[in-house]
Number of protein chains: 2
Amino acid sequence: MKILIIEDEIELLIGISNYLTKENYICELADSFQKAETKLSIYEYDIILLDITLPDGNGLELLKLFKKFNSKAGVIIISAKNSTDDKIKGLDLGADDYMTKPFQLSELNSRIKAVIRRRHFDGNNTLEFNEMVINTESKSIYIKGEEVVFTRKEYDLFLYFFINKNRVLTKEALAEHLWDDNIDLADNFDFIYTHLNNIRRKIKIAGGTDYIKTIYGMGYKFTEQ
Amino acid sequence: MKILIIEDEIELLIGISNYLTKENYICELADSFQKAETKLSIYEYDIILLDITLPDGNGLELLKLFKKFNSKAGVIIISAKNSTDDKIKGLDLGADDYMTKPFQLSELNSRIKAVIRRRHFDGNNTLEFNEMVINTESKSIYIKGEEVVFTRKEYDLFLYFFINKNRVLTKEALAEHLWDDNIDLADNFDFIYTHLNNIRRKIKIAGGTDYIKTIYGMGYKFTEQ
DNA sequence: TTTGTATCATGAAAATTCTAATCATTGAAG
DNA sequence: CTTCAATGATTAGAATTTTCATGATACAAA
């Protein structure tokens with residue numbers, strides 16, 4: 001997941017970036033209205049963290065502007081402002097959530113996750129990719145129209161690939177996802193191999209294509225190419 | 001966990017209470033300074049949600065006062081105030097966190113959980129109760145000085161009892177805890193019986209006392225009496 | 001007190017998850 | 001083009017988790 005952090009307090013900017021990078025997000029930084037504007041016009045992001053008070057402009061203007069370029073991204077407003085006004089305005093302009101400074105980084109992380117989840121699943125319960133369909137309500141997976149039974153861990157892993165299509169996911173990131181953060185990073189994550197193997201076997205048996213490409217020394221990527 | 005909600009906007013008060021009750025907390029309500037004062041002088045709470053602006057007094061005074069009676073509880077300040085002053089003062093007076101209105105109930109919940117966690121685990125990694133000791137860092141359990149090996153689910157369940165000493169926990173609450181909320185409530189939770197049985201057996205073998213009492217039709221309670 | 005039903009306890013079996021050993025492949029270095 | 005070390009794939013089986021069937025117990029109603 002790619003995140004743009006727009007924040008003029010450099011310390012906070014770095015702090016957030018470091019934390020989120022450790023949590024396996026790809027972070028880009030902007031410490032002014034202008035830099036943010038440039039980045040937004042060029043790249044696509046999944047999540048935008050937006051500080052309202054910038055030295056060279058108001059974040060809400062940026063939000064208005066940006067809704068034209070990049071409507072896919074979720075926006076979380078970061079505000080030190082004391083009036084609720086800015087938050088309300090921000091939510092009106094299409095922000096998904098807001099945080100008031102100061103905040104815990106772990107909380108920011110859980111909000112980011114929540115926004116990602118909502119953006120993916122609100123309204124429709126099915127995700128599709130070529131011959132594959134996931135129904136997130138019944139937690140069932142269909143390949144070429146036939147249901148293939150996945151275990152809980154297999155399902156979680158496969159869904160994670162689906163959501164992170166075209167992105168390289170490290171073993172560590174996958175393991176952390178399966179074990180909701182509280183996993184000991186000193187462990188070895190060999191069991192990922194096993195689950196992956198099971199998923200691939202089931203896809204093969206069902207006559208589907210193995211879209212999970214191995215990137216040697218890096219991780220795995222769910223993609224067509 | 002027992003929570004006192006001090007808030008004069010009745011709608012919000014009810015809203016919070018309903019939500020938190022569904023999340024398996026025991027809620028008590030106070031819509032004025034005076035009622036809150038009375039409750040605080042009589043009962044003990046785990047968490048206190050404190051609105052600063054009350055019709056018959058300032059919440060910060062209440063906070064000062066209450067630190068004398070009930071120093072064990074965690075305090076989360078709810079504030080609609082626009083000055084950061086009240087928040088800072090509140091945190092100075094020993095509040096653990098604060099929220100600015102309006103807020104998402106799910107966020108409130110995650111903050112409550114965070115405060116409970118911090119209050120329990122900050123500084124010391126061990127929880128003790130009579131002949132039982134839990135080391136939350138190494139995730140090991142000792143009974144009469146001897147280590148007893150618990151599986152992950154057994155450990156999680158046992159720790160949850162420890163944290164919720166003297167409280168009745170329903171099967172549903174236990175199951176939800178073990179499966180991080182995303183469990184299907186239509187499922188049957190029979191596996192709780194099995195894990196409980198295993199825990200009790202291991203305690204027995206180690207020569208410990210079974211402090212987990214069955215409350216017929218209700219749930220279970222970890223207690224001495 | 002007896003009876004019936006719902007809840008809980010227990011143990012065994014099934015399913016899933018994880019570990020560990022072995023083999024295969026990749027990419028780098030000579 | 002080899003060789004080597006690191007990484008990934010595969011498989012078997014150990015450990016854990018979950019399901020299921022059966023028996024025991026508590027509570028309520030007759």
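The sequence lines fix the lettering, A, B, ..., with proteins before strands; numbering per chain opens at 1.
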DNA chain D: A/R201 or A/M218, which has the more 5' nearest nucleotide?
-> A/M218
Under 4.0 Å: is that the gap between some side-chain N or O of A/Y220 and OP1 or OP2 of D/dA9?
-> yes
Under 4.0 Å between a side-chain N/O of A/N197 and OP1 or OP2 of D/dT10, yes or no?
-> yes
Atom NZ of A/K165: over 12 foreign heavy atoms under 6.0 Å = yes
Answer yes or no: does atom CD of A/Q34 have more than 12 heavy-atom neighbours from other residues, nucleotides or ligands under 6.0 Å?
-> no
Do the numbers put B/K2 on top of the ring of B/Y45, so that NZ or CZ is under 6.0 Å from the six-membered ring centre and no more than 45° off the axis?
-> yes
How are the rings of A/F222 and A/F129 set relative to one another: parallel (under 30°), tilted (30 to 60°) or perpendicular (over 60°)?
-> tilted
Is the CD atom of B/E147 crowded by more than 12 outside heavy atoms at less than 6.0 Å?
-> yes
Has the side chain of B/N164 got a donor or acceptor atom that lies under 3.5 Å from a matching backbone atom of B/R167?
-> no
Please list, in 5' to 3' order, the outermost nucleotides of DNA chain C lying under 4.0 Å from any heavy atom of chain A.
-> C/dT16 to C/dG27
Any side-chain N or O of A/Y193 under 4.0 Å from OP1/OP2 of D/dA9?
-> no
How about A/F158 and A/K202: do any of their side-chain heavy atoms sit closer than 4.5 Å?
-> no
What string of B, S and - do you get for nucleotides 12-29 of chain D, 5' to 3', when a contact is any protein heavy atom under 4.0 Å?
-> ----SSBB------BS--
Is atom NZ of A/K144 surrounded by more than 12 heavy atoms (other residues, nucleotides or ligands) closer than 6.0 Å?
-> no
Counting only N and O atoms by type, is there a donor-acceptor contact under 3.5 Å from the side chain of A/R119 to the main-chain atoms of A/I47?
-> no
Could you walk me through whether A/N198 and A/R201 pass the side chain to side chain donor-acceptor pair (under 3.5 Å) test, one step at a time?
-> CA-CA 5 Å; A/N198 290 336; A/R201 186 168 39 74; 2.8 Å; yes
To 10°, what angle do the rotation axes through the five end pairs on each side of the helix from C/dT1-D/dA30 to C/dG30-D/dC1 form?
-> 20°
